[in-house]
Amino acid sequence: MSPTSTPIPTPATTLVGLLPHTLPTCPNARIVLFAVRRMGACGLNDARAGHTLFTAFGQDFRRPLVLLRALMADLAGTAAGPIAIAPCCCARMTAAESALLTIIGRVETMPETARYLLSDLLGVRRVDGVLASAAAVAMAFADAGRPVGG
């Protein structure tokens with residue numbers, strides 16, 4: 001390659017290759033995505049994630065917040081490798097974020113599909129504990145009238 005030529009971008013290095021999915025249309029899934037991104041980048045006790053859930057759920061924000069924190073801790077503790085999370089300002093999602101939202105959206109209605117997706121996401125076979133955490137998050141959102149559509 002000559003010094004004046006520019007490399008041809010490959011699909012893996014383009015924006016669509018790195019962030020292949022559009023944001024979810026479900027506003028509740030967007031709340032989960034924002035909180036996951038904030039907790040993934042700034043820690044489980046991130047104030048903006050807490051404020052977002054407080055704004056969405058009012059005085060009943062504690063249950064979804066605590067369960068989402070538990071899910072994030074379970075994901076981090078169980079994953080065999082890194083889970084790609086985009087910055088909060090991104091208008092697209094990584095494949096891992098899309099899979100996580102799909103898992104949360106399907107864990108109650110299609111648990112085996114959610115189990116296989118979670119196993120692929122984490123790179124481990126035994127995902128029962130993390131799947132239970134995802135189900136608890138899904139139920140907390142649904143019980144508050146904000147079901148997550150994955």
Side-chain angles (χ1 to χ4, degrees), residues 11-150:
T13 60
T14 62
L15 180 62
V16 174
L18 297 172
L19 301 167
H21 302 278
T22 59
L23 289 178
T25 56
C26 173
N28 303 325
R30 285 180 182 233
I31 292 169
V32 172
L33 179 64
F34 179 80
V36 164
R37 285 178 172 179
R38 289 296 306 185
M39 288 181 195
C42 302
L44 298 178
N45 293 319
D46 181 66
R48 287 188 181 164
H51 182 264
T52 298
L53 292 174
F54 176 74
T55 303
F57 292 94
Q59 67 183 17
D60 297 326
F61 77 100
R62 284 179 193 84
R63 180 178 172 214
L65 177 61
V66 169
L67 292 173
L68 198 51
R69 285 176 177 164
L71 174 61
M72 292 296 291
D74 284 347
L75 288 169
T78 307
I83 298 173
I85 297 175
C88 291
C89 60
C90 278
R92 298 185 64 84
M93 292 189 297
T94 66
E97 291 170 334
S98 177
L100 182 59
L101 290 178
T102 302
I103 291 162
I104 293 171
R106 294 183 183 171
V107 69
E108 292 181 311
T109 58
M110 299 187 314
E112 286 306 311
T113 302
R115 178 184 308 280
Y116 290 129
L117 283 171
L118 188 57
S119 182
D120 286 346
L121 176 64
L122 298 178
V124 296
R125 290 184 183 193
R126 296 179 189 247
V127 295
D128 293 332
V130 183
L131 191 64
S133 293
V137 168
M139 289 174 62
F141 272 71
D143 289 348
R146 292 187 165 277
V148 177

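As a basis for the values below, the full set of heavy atoms in this structure was taken, side chains included, without hydrogen atoms, waters or symmetry mates.
Legend: residues meeting side chain to side chain contact (heavy atoms under 4.5 Å, CB included) with Q59, ordered by chain and number and at least two apart, are absent. Residues passing the salt bridge (charged side-chain N to carboxylate O under 4.0 Å, His left out) test with R38, sequence neighbours excluded: D46. Contacts of R146 classified as salt bridge (charged side-chain N to carboxylate O under 4.0 Å, His left out), with partners at least two apart in sequence or in another chain: none.
To the nearest 0.5 Å, atoms CZ (R48) and SG (C88) are separated by 8.5 Å. One finds the OH atom of Y116 at 5.5 Å from the CD atom of E112 (value rounded to the nearest 0.5 Å). C26 SG to L33 CG: the interatomic distance, rounded to the nearest 0.5 Å, is 11.0 Å. Taken from CG in L67 to CE in M139, the straight-line distance is 9.5 Å, to the nearest 0.5 Å.
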Name every donor-acceptor pair, under 3.5 Å, that has one atom in a side chain of residues 73-85 and the other anywhere in the protein, sequence neighbours excluded.
| unit_1 | atom_1 | unit_2 | atom_2 | d |
| --- | --- | --- | --- | --- |
| D74 | OD2 | S133 | OG | 2.3 |
| T78 | OG1 | D74 | O | 2.8 |

Margin query: For L101 and M93: C-alpha separation, side-chain torsions, deciding distance, then whether side-chain contact (heavy atoms from CB on, under 4.5 Å) applies.
Written below: CA-CA 10 Å; L101 290 178; M93 292 189 297; 3.6 Å; yes
Check: Does the side-chain contact (heavy atoms from CB on, under 4.5 Å) test come out yes or no for L65 and M39, once each step is laid out?
Finding: CA-CA 11 Å; L65 177 61; M39 288 181 195; 3.7 Å; yes
Note to self: Could you go through F141 and I31, starting from their C-alpha distance and side-chain angles, then the distance that decides it, and tell me whether this counts as side-chain contact (heavy atoms from CB on, under 4.5 Å)?
What the structure shows: CA-CA 10 Å; F141 272 71; I31 292 169; 4.2 Å; yes
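Between L118 and L131, the shortest heavy-atom contact is CD2-N, 3.5 Å. The two atoms that bring L23 and A91 nearest to each other are CG-O, 3.4 Å, heavy atoms only. Of all heavy-atom pairs spanning L68 and A35, the tightest one is CD2-CB, 3.4 Å. Of all heavy-atom pairs between P147 and N28, the closest is O-ND2, 2.9 Å. Taking every heavy atom of both residues into account, L71 and A134 meet most closely at CD1-N, 3.8 Å. Heavy atoms only, all atoms of each residue included: F61 and L53 are closest at CB-O, 3.5 Å.
The environment of CZ in F54 is sparse: at most 12 heavy-atom neighbours from other residues, nucleotides or ligands sit within 6.0 Å.
Sorted by first then second residue, the side-chain hydrogen bond (donor to acceptor under 3.5 Å, both in side chains) pairs that include residues 62-72, not counting sequence neighbours, are R63-D143. Identified under the salt bridge (charged side-chain N to carboxylate O under 4.0 Å, His left out) test for residues 118-130, with sequence neighbours left out: R115-D128.
Distance alone, capped at 3.5 Å, places no donor-acceptor pair between the T22 side chain and the R92 backbone.
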